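The structure displayed is predicted, hence computed values, not measured ones.
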Amino acid sequence: MLQRRHTRDVGQLARFLSVRQATVALAAPLSPEDCCAQSMPDASPVKWHLAHTTWFFETFVLERFEPNFQPFDASFRVLFNSYYNGVGAKHPRAQRGLITRPDLAEVLRYREHVDGRMRRLLECSGQREWQTIVELGLNHEQQHQELMLTDLKHLLSCNPAWPAYVPARGLAEAVAPVQRPRRWHTHAGGLVEIGHAGDGFCFDNELPRHKVYLEPFELADRLVTNGEFLAFMEAGGYQDPALWLSEGWDWIGANRVRAPLYWRQPEAGADWQEFTLHGAQTLVPEQPVVHLSYFEADAFARWAQARLPTEAEWEAVAQSLSQEQDAPLPQSAGLHPQVQTDASSLLGGVWQWTRSSYDAYPGFQPAAGAVGEYNGKFMVNQYVLRGGSCATPRGHVRASYRNFFPTAARWQFTGLRLCR
């Protein structure tokens, strides 16, 4: 992942301090025990996220640009390396929850130490060769802020008491939600351009901008809701093999999947409940359905006599609406997707599965060195998601952003929008 363009309208030091403080703030409501545990191999402990994002700046900025560089702790180079083979050895991902030492207090000291050294570096005058890699590191850290929330949500859901990360604090809707009828954005098709445009930051997998030919299509003006997915369940959607891809049918059978992740029905006939970062809540039919695998999203679309969009179809409509600046902030969404009342944007709420395999754009070139491992080497056996979610940092909610996960993943805020 290499940033090809970056803005200089906000001082990089101020931005650095703001992003770093935001990460620590996310961990503030948590105990040391909360921060150390790992609920599954795909998720990481909060403490590891705090350390790894610091490791990035120490390894890729300070080690290269700081005079007389000395590591804070030489063992951290292995402990907190994620997947950068070009850097050296890594601690196994599935064993990150076993790293009880350093403790949380030491990791926070590590952050403060590296932040102080980074501050001195960023305050230097003259040619700043490191600006590009620092901007990349800040966007990398914001990705981990989202992962901290989703990984923590999975961890807390493993507790049968379903404890809250933070209380709702009055974020519930003031009036009873109303289900808005689904309408369709009609696109005439033809030759369109997709990929990042302009001078703002982007990841390398959003480039280069290129042309794609589309057949005419329609894209729903809102997300699929809990109530609609519940109707799919009550109609026997999880029991009908005709709706499922073969691998998906095997997956729901092997894992006994009968509802979205974080749904539970205390007893037969009772109201469904949904686990959120604010704890348990009664399922709100009008809210977007979330925490679906690709298999579940695809099966629902078939049942609804529609399909998932391609990422090019999704982006073409998103560009035509041009409403990126109106995407909801995670704070205003209460860390859970809210009822969609505005049809003027495709952005925010939940990450939306597309039917597009994650692959390189024509002419894609990964960056040289270890940072080139960020995106390119993952372009296999995954599908693209678009739009951002309630947990996505504001600056990452844009039409060209490409998220990607394997077909069975559903601990992220993943849902769907229909296409036909």
Side-chain angles (χ1 to χ4, degrees), residues 1 23 26-27 30 33-53 55-56 79-85 90-99 140-159 162 165 203 205 247-248 250-252 254-257 259-263 275-277 290-298 335 350-354 357-358 373-386 388-393 396 401-416:
M1 175 181 75
T23 306
L26 288 175
L30 305 175
E33 292 83 0
D34 289 330
C35 293
C36 190
Q38 180 179 20
S39 56
M40 63 171 176
D42 282 341
S44 298
V46 167
K47 184 178 75 175
W48 187 90
H49 288 294
L50 291 167
H52 168 69
T53 51
W55 172 97
F56 185 99
L79 279 180
F80 301 121
N81 183 4
S82 54
Y83 49 71
Y84 296 95
N85 296 316
K90 308 178 297 295
H91 184 74
R93 178 174 183 171
Q95 297 178 19
R96 291 171 182 170
L98 302 180
I99 305 174
H140 163 263
E141 179 144 352
Q142 289 178 309
Q143 288 182 315
H144 278 271
Q145 291 169 0
E146 181 168 3
L147 289 169
M148 284 172 66
L149 292 171
T150 54
D151 292 0
L152 176 69
K153 183 174 183 178
H154 188 270
L155 173 68
L156 295 177
S157 77
C158 296
N159 184 330
W162 272 9
Y165 162 57
F203 295 114
N205 66 354
E247 188 176 337
D250 293 343
W251 174 76
I252 63 170
N255 295 281
R256 300 181 180 180
V257 176
L261 186 65
Y262 306 139
W263 284 28
F275 180 66
T276 76
L277 283 165
V290 66
H291 298 295
L292 299 180
S293 67
Y294 177 87
F295 298 130
E296 292 166 293
D298 179 77
L335 300 178
V350 304
W351 285 105
Q352 300 154 52
W353 285 106
T354 75
S357 297
Y358 181 49
E373 298 183 47
Y374 204 110
N375 279 313
K377 71 180 186 181
F378 298 111
M379 292 175 173
V380 63
N381 297 333
Q382 309 204 65
Y383 277 78
V384 174
L385 300 100
R386 294 303 196 103
S389 80
C390 58
T392 305
H396 291 233
Y401 195 109
R402 306 175 77 200
N403 204 349
F404 52 92
F405 284 103
T407 48
R410 57 182 192 157
W411 90 106
Q412 294 298 310
F413 284 95
T414 51
L416 76 153

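Put simply, CG on N81 and CZ on R93 are 12.5 Å apart, with the number rounded to the nearest 0.5 Å. Going from atom CG of L156 over to atom CH2 of W162 covers 12.0 Å, rounded to the nearest 0.5 Å. With values rounded to the nearest 0.5 angstrom, L277 atom CG is found 10.0 Å from S157 atom OG. Taken to the nearest 0.5 Å, the CG atom of L261 stands 6.0 Å off from the NE2 atom of H154. S293 OG to R410 CZ: the interatomic distance, rounded to the nearest 0.5 Å, is 6.0 Å. One distance of note links CG of N403 with CD of Q143; it measures 8.0 Å at 0.5 Å rounding.
The environment of CG in N381 is sparse: at most 12 heavy-atom neighbours from other residues, nucleotides or ligands sit within 6.0 Å.
Remark: H52 pairs with W48, W55, H140, H144 by the ring-ring contact (aromatic ring centres under 6.0 Å, His included) rule, at least two apart or across chains. Scored by the ring-ring contact (aromatic ring centres under 6.0 Å, His included) test, Y401 finds F203, W351, H396 as partners (sequence neighbours excluded). With sequence neighbours left out, the side chain to side chain donor-acceptor pair (under 3.5 Å) criterion links Q95 to no other residue. Applying the salt bridge (charged side-chain N to carboxylate O under 4.0 Å, His left out) criterion to R386, with sequence neighbours excluded, gives E311, E315. When the salt bridge (charged side-chain N to carboxylate O under 4.0 Å, His left out) test is applied to D42, no partner is found at least two apart in sequence or on another chain.
Checking each of F405, W251, Y383 against F295 for a ring-ring contact (aromatic ring centres under 6.0 Å, His included) leaves exactly one that passes, namely W251.
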### Query
Hey, mind stepping through L26 and L149 against side-chain contact (heavy atoms from CB on, under 4.5 Å) and telling me if it holds?
CA-CA 8 Å; L26 288 175; L149 292 171; 4.1 Å; yes
### Task
Begin from the C-alpha positions of H49 and T23 and carry the test side-chain contact (heavy atoms from CB on, under 4.5 Å) through to its verdict.
CA-CA 9 Å; H49 288 294; T23 306; over 6 Å; no
### Query
Step by step, would you call N205 with F378 a side-chain contact (heavy atoms from CB on, under 4.5 Å)?
CA-CA 11 Å; N205 66 354; F378 298 111; over 6 Å; no
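No donor-acceptor distance shorter than 3.5 angstrom exists from the side chain of D298 to the backbone of Y294, with no hydrogens or angles considered. In terms of modelled atom types and a separation under 3.5 Å, the side chain of Q38 and the main chain of R96 share a donor-acceptor contact. The backbone N or O of T414 lies less than 3.5 Å from no partner atom in the side chain of H291, so there is not a single donor-acceptor pair.
Residues H91 and F80 are not in side-chain contact: their nearest non-hydrogen atoms beyond the backbone lie 4.5 Å or more apart. A 4.5 Å side-chain heavy-atom check between T53 and Q145 finds every atom pair outside the cut-off. For the pair L385/Q412, no side-chain contact is recorded, criterion being any heavy-atom separation below 4.5 Å from C-beta on. Proximity of T276 to Y165: side-chain heavy atoms (C-beta onward) are nowhere separated by under 4.5 Å.
Under the salt bridge (charged side-chain N to carboxylate O under 4.0 Å, His left out) criterion, the residue pairs touching residues 141-156 are R20-E141, R111-E141, with sequence neighbours excluded.
Contact between C35 and P45 at its shortest, heavy atoms only, is O-CB, 3.3 Å. Closest non-hydrogen pair, I99 versus K47, comes out as O-NZ, 2.6 Å. The shortest non-hydrogen separation linking L50 to A27 is CD1-CB, 4.1 Å. For P406 against W353, the heavy-atom pair with the smallest separation is O-CH2, 3.4 Å.
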